[in-house]
Structure formats: structure tokens, C-alpha cells
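To start, the structure itself, in C-alpha cells.
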There are 2 protein chains.
Amino acid sequence: MDAEGRVARRPLEQELVSRGVRMTRQRRILVRIIQEAAGHLDAIALWERAKGEDASINTVTVYRTLTLLKKHGLVDELDLMHLEGGKHYYEAKTTRDHIHLACVKCGRIQEFESSLFEKLKGQIERDRQFRIDTVRVEAGGLCDRCK
Amino acid sequence: MDAEGRVARRPLEQELVSRGVRMTRQRRILVRIIQEAAGHLDAIALWERAKGEDASINTVTVYRTLTLLKKHGLVDELDLMHLEGGKHYYEAKTTRDHIHLACVKCGRIQEFESSLFEKLKGQIERDRQFRIDTVRVEAGGLCDRCK
DNA sequence: GTACTTGCAAAGATTTTGCTTCCAA
DNA sequence: TTGGAAGCAAAATCTTTGCAAGTAC
């Protein structure tokens with residue numbers, strides 16, 4: 001949001017509008033934070049950031065918005081190998097799927113893209129006649145710095 | 001367990017004993033159920049099966065045993081795309097990693113092995129100098145019967 | 001015998017639901 | 001205006017912890 005309080009329209013928001021979803025002040029804030037987040041946010045981290053822009057926003061709204069985005073296939077839900085408890089992490093779905101590498105020692109999360117991964121998905125779809133909507137790959141282990 | 005109540009020693013149990021882990025009646029039961037389970041059990045399903053053999057077994061013991069097995073890297077923890085809530089599923093770690101395909105419509109879980117997957121893991125370890133201890137691949141979508 | 005494990009109760013963490021009021025289209 | 005959304009409180013779900021009593025080795 002700029003100094004005048006204008007909110008630039010972002011892809012996620014556009015996507016929701018085009019699907020006939022009602023945009024509220026809260027949804028706009030949440031969706032933009034997810035869109036612009038560098039890392040992976042869990043519901044509470046998302047809520048805390050949102051409170052900076054709207055102190056009255058409720059965790060329930062955060063959960064409901066995440067459910068909405070999941071339903072529309074606009075976010076991926078991750079567990080990051082449960083390195084810190086049972087929460088879920090979210091990221092805006094990108095055009096290209098990627099793998100998450102979670103270091104069990106330092107907690108760093110790396111992302112990894114690979115054409116082999118794309119091939120693997122193709123193989124699954126062909127061999128099993130399974131239509132993949134979402135795919136999650138998470139590896140736990142030791143990163144280069146820690147091993 | 002046969003008619004005399006003897007419990008055959010199973011790989012998981014052997015593995016624990018060889019690591020100096022104390023084997024209790026409860027652990028023997030739980031570990032055998034996991035070992036022999038056809039599908040993927042969550043903590044409560046595991047507990048319910050265990051109660052058939054020892055009515056006094058407690059859910060806390062189930063969770064503690066699962067934590068123990070995870071710590072020793074003897075089970076894999078799955079989420080199966082959270083098709084039914086936030087619980088976790090467990091399976092004895094096999095020699096070969098496999099991919100889980102979860103049908104969002106019928107809930108069926110299929111497993112898929114592939115040398116491409118093995119290659120992908122190798123690529124990650126080489127490119128990122130990341131030592132993979134555990135890896136989880138889950139795909140959600142429509143199975144051949146449902147699409 | 002001793003250190004580790006269990007069961008019970010209670011607490012903790014995360015997420016969902018019911019219901020009333022409010023607001024976007 | 002009107003159906004969907006937000007906020008609040010309470011509940012539900014899944015998992016962990018503290019502690020006394022029991023048990024494997």
C-alpha cells in the first residue's frame with residue numbers, strides 16, 4: 001500500500017475477483033502479504049503481519065482466507081518436515097513447482113527446481129492415469145553449511 | 001502373535017534392540033502393528049488396533065513410541081495432502097522411497113516408485129551438497145477411477 | 001537396584017464452528 | 001438490499017508435558 005492508501009492489484013487478488021470472489025479489506029491485505037512474502041508463512045505469522053495494517057483482523061479470518069485460497073488452488077500448503085511443530089506453511093502457487101529442502105540442524109529452507117521433477121510428474125500422470133493438481137516435495141536432512 | 005501368545009521378532013523391533021532401546025510390552029505391540037500394517041496409520045488408528053491386544057494402552061504411549069521411531073529414522077511421517085484433517089500418518093521406512101498419490105475425490109492412496117525419483121534425489125544431493133535423510137513426496141489430484 | 005517407561009490428568013498448540021453484526025457488490 | 005464475510009467466544013482436534021507408580025535389564 002502506498003502513502004495514499006492505494007492498493008495495487010496483485011495477481012492473486014485479480015484471480016479471486018475473476019472467479020467472482022468478494023474482496024474485502026481483510027482479504028486484500030492477507031492476499032498481498034502472501035503474494036509478497038519472501039519465505040513461507042504460517043497462519044499466525046501471516047496474522048501478525050496483517051495486524052500491522054489492520055489491528056482488528058482476527059486469526060479466524062486468516063484461517064478462512066487460507067481455506068479459500070486452498071479451495072481455489074492458489075496457494076500451496078507445506079509442512080516443511082514439521083521442523084517446528086505441526087503448523088502449516090503457505091506460499092502463492094507459482095508457475096513452476098519446486099522442491100523444499102529443510103535443514104534439520106539450522107532450519108534453513110531452500111527451494112529447488114528441476115526438469116527431472118517435471119519429468120517425474122509426467123511419468124506419474126502417464127503411468128497411473130492420475131491427474132496431479134498439487135504436488136508437495138519436502139526433503140529433510142543436512143544442508144551444505146551444516147553437514 | 002500366535003495362539004501361544006508368542007511374538008515373532010520383527011525387523012523394526014530388532015533394529016531398536018540393536019540400538020539399545022528398551023523393549024516394553026507396549027512397544028512390541030505398537031511396532032509390530034506398524035510393521036504389518038497394509039496402509040498408513042495415524043496415531044489414533046494405531047492406538048485402536050493396539051487396544052485389541054492390550055486394552056490399557058494409552059494414546060500417550062502411542063505418541064511417545066512414534067516420536068522414538070522418528071528419532072531413530074525408522075518410520076516416515078506423512079500428511080497425505082491433509083485429505084482428512086491435520087493428522088499425521090506413519091509407515092515403516094522401506095529400503096526404497098516412494099511417492100504417495102492421494103485422490104481428492106475418493107481418498108484412495110496409491111504408492112509409486114520410480115528410478116526418476118532416485119535420480120532426482122541424487123541431483124539434489126550433488127547440486128546443493130544437501131544430505132537427504134528423509135524425503136516426502138505427495139501428490140493430490142484425481143485417480144484414474146475418478147477423473 | 002536403577003534408570004527408563006507407562007498411565008493419567010492436564011495443558012498446549014493449531015484449527016474450526018456457531019452465531020451475531022457488518023459490509024461489498 | 002441482500003447474501004456473503006468478519007469478529008468474538010467457544011469448541012474441536014491433535015499432540016505434548018509433569019509426575020507418581022511400574023518395569024526392563
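Computed from a prediction, not measured in an experiment: that's the story for all the values here. Just so it is clear: chains get the letters A, B, ... in the order the sequence lines come, proteins before strands, and each one is counted from 1.
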B/S/- contact track for nucleotides 20-25 of chain D, protein heavy atom under 4.0 Å: ---BBS
Per-nucleotide protein contact string for nucleotides 12-18 of chain D, where B marks a base within reach and S marks sugar-phosphate only (heavy atoms under 4.0 Å, - for neither): --SBBBB
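Without hydrogens or angle criteria, A/Asp42 side chain to A/Ala45 main chain gives a donor-acceptor distance under 3.5 Å. The backbone N or O of B/Glu125 sits nowhere less than 3.5 Å from a side-chain atom of B/Arg131 that would complete a donor-acceptor pair. A donor-acceptor pair is defined here as one N or O able to donate and one able to accept, closer than 3.5 Å; no such pair exists between the side chain of B/Arg27 and the backbone of B/Thr65. Side-chain N or O atoms of B/Glu138 include one that pairs as donor or acceptor with a backbone N or O of B/Leu80 at under 3.5 Å. A donor-acceptor pair under 3.5 Å is absent between the side-chain atoms of B/Arg49 and the main chain of B/Ile33, judged by distance alone.
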Audit row: B/Glu91, B/His100, side chain to side chain contact (heavy atoms under 4.5 Å, CB included) steps and yes/no: CA-CA 12 Å; B/Glu91 64 180 8; B/His100 292 92; 3.3 Å; yes
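Contact check, B/Asn58 against C/dC8: a side-chain N or O comes under 4.0 Å of OP1 or OP2. At D/dG7, one or more side-chain N or O atoms of A/Gln26 fall inside 4.0 Å of OP1 or OP2 (strictly under the cut-off). Remark: B/Ser56 is in phosphate contact with C/dG7, judged by side-chain N or O atoms under 4.0 Å from OP1 or OP2.
Per the geometry, CH2 belonging to A/Trp47 stands 13 Å off P belonging to C/dT15, to the nearest Å. In this structure, A/Asp54 places its CG atom 11 Å from P of C/dC23, rounding to the nearest Å. The nearest whole Å value for the distance from the CZ atom in A/Arg19 to the P atom in C/dA24 is 22 Å. Atom-to-atom, NZ of B/Lys71 to C1' of C/dT5 comes out at 12 Å; the value is rounded to the nearest Å. Atom CD1 in B/Ile57 sits about 8 Å away from atom P in C/dT6, given to the nearest Å. Atom NE2 in B/His82 sits about 12 Å away from atom C1' in C/dT14, given to the nearest Å. One interatomic measurement links the two molecules: CG of A/Leu83 to C1' of C/dA13, which rounds to 17 Å at whole-angstrom precision. Between the CG atom of A/Leu66 and the C1' atom of C/dT14 there is a distance of 12 Å, given to the nearest Å.
Stacking of A/Lys119 on the aromatic ring of A/Phe117 is not recorded, the 6.0 Å distance cut-off and the 45° axial limit not both being met.
With B/Lys70 as the partner, the side-chain contact (heavy atoms from CB on, under 4.5 Å) test is satisfied by one option alone out of B/Val75, B/Asp76, B/Thr134: B/Val75. Between A/Leu46 and the options A/Thr59, A/Ile57, A/Leu66, A/Ile29, a side-chain contact (heavy atoms from CB on, under 4.5 Å) holds for only A/Leu66.
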